[in-house]
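Here's the structure, in C-alpha cells; my notes come after.
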Amino acid sequence: SMDLPNWLAFALGGAALGALLGSGDFAFVAKSLVLILLLPYFFAGLAVVHAACRSRKAKGLLLAIFYLILLFLAWPTIVVAGLGMIDQWTGLRRRLLAAASERENE
C-alpha cells in the first residue's frame, strides 16, 4: 500500500522544466533533482508489477525474471517509473489488486 502525494508530480515537472531550460550548474542540480523525484515513482511502479504478478501461478518466477531484467538493463527502470506515474493518475494498482482478489475468490 503506497500512495504518493499529488505535489510530487508538480515538483517533478518543475525540476524537469529546469533541467530542459536551465544551463550550467542550475541544469545539473535540476537533472539530479529529477532523478531523486523519480525514485518514489519507481517504487510505485514496482508495486504495480507486484500487483500484476499477484494472481499468477508462477509469480515467483515472473518476479525473479523481472528483477534480473532490471539488474542487467537500464531502460526498464524508466518504464517502471512510468508505471508508477500512471498508477498515481489512474489507480492501476488498485484495479489489478481488485481483479486478483476476484480471481482468488472464484
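In this chain, residues are counted from 1 in sequence order. Only a predicted model underlies this, so the values are computations on that prediction, with no experimental measurement involved. Side-chain atoms are counted along with the backbone in the values below, which use heavy atoms only and exclude waters and symmetry mates.
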Heavy-atom side-chain proximity of D87 to L4 below 4.5 angstrom:
no
F28 CZ: over 12 foreign heavy atoms closer than 6.0 Å
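Atom CZ in F28 is not crowded, with 12 or fewer foreign heavy atoms closer than 6.0 Å.
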Using ring pair (Phe, Tyr, Trp, His ring centres under 6.0 Å) as the criterion, list what pairs up with F43, not counting sequence neighbours.
none
Can you see which heavy atom on [X] is nearest to which on [Y], and at what distance?
X: A19; Y: A30; value: N-CB, 3.4 Å
X: F66; Y: L46; value: CE2-CD2, 3.7 Å
X: C53; Y: L62; value: SG-CB, 4.1 Å
X: R54; Y: K59; value: O-CD, 3.7 Å
X: P5; Y: Q88; value: O-NE2, 3.1 Å
X: T77; Y: F42; value: O-CD1, 3.8 Å

Under a single-linkage definition using a 4.5 Å side-chain heavy-atom cutoff for Ile, Leu, Val, Met, Phe, Trp and Tyr, are [X] and [Y] assigned to the same hydrophobic cluster?
X: V49; Y: Y67; result: yes
X: L39; Y: L37; result: yes
X: V29; Y: L21; result: no
X: L33; Y: W7; result: yes
X: W89; Y: L8; result: yes

With I69 via side chain to side chain contact (heavy atoms under 4.5 Å, CB included) - residues at least two apart:
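Side chain to side chain contact (heavy atoms under 4.5 Å, CB included) list for I69, sorted by chain: I65, L73, P76.
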Run the side chain to side chain contact (heavy atoms under 4.5 Å, CB included) test on Y41 and L12 for me, step by step, so that the C-alpha distance in whole Å, both residues' side-chain angles and the decisive distance to 0.1 Å come before the verdict.
CA-CA 10 Å; Y41 288 109; L12 179 60; 3.8 Å; yes
Candidate pair M85 and L38, rule side chain to side chain contact (heavy atoms under 4.5 Å, CB included), full reasoning
CA-CA 9 Å; M85 288 180 187; L38 274 175; 3.3 Å; yes
OG1 (T90) and CG (L83) are apart, to the nearest 0.5 Å, by 9.5 Å
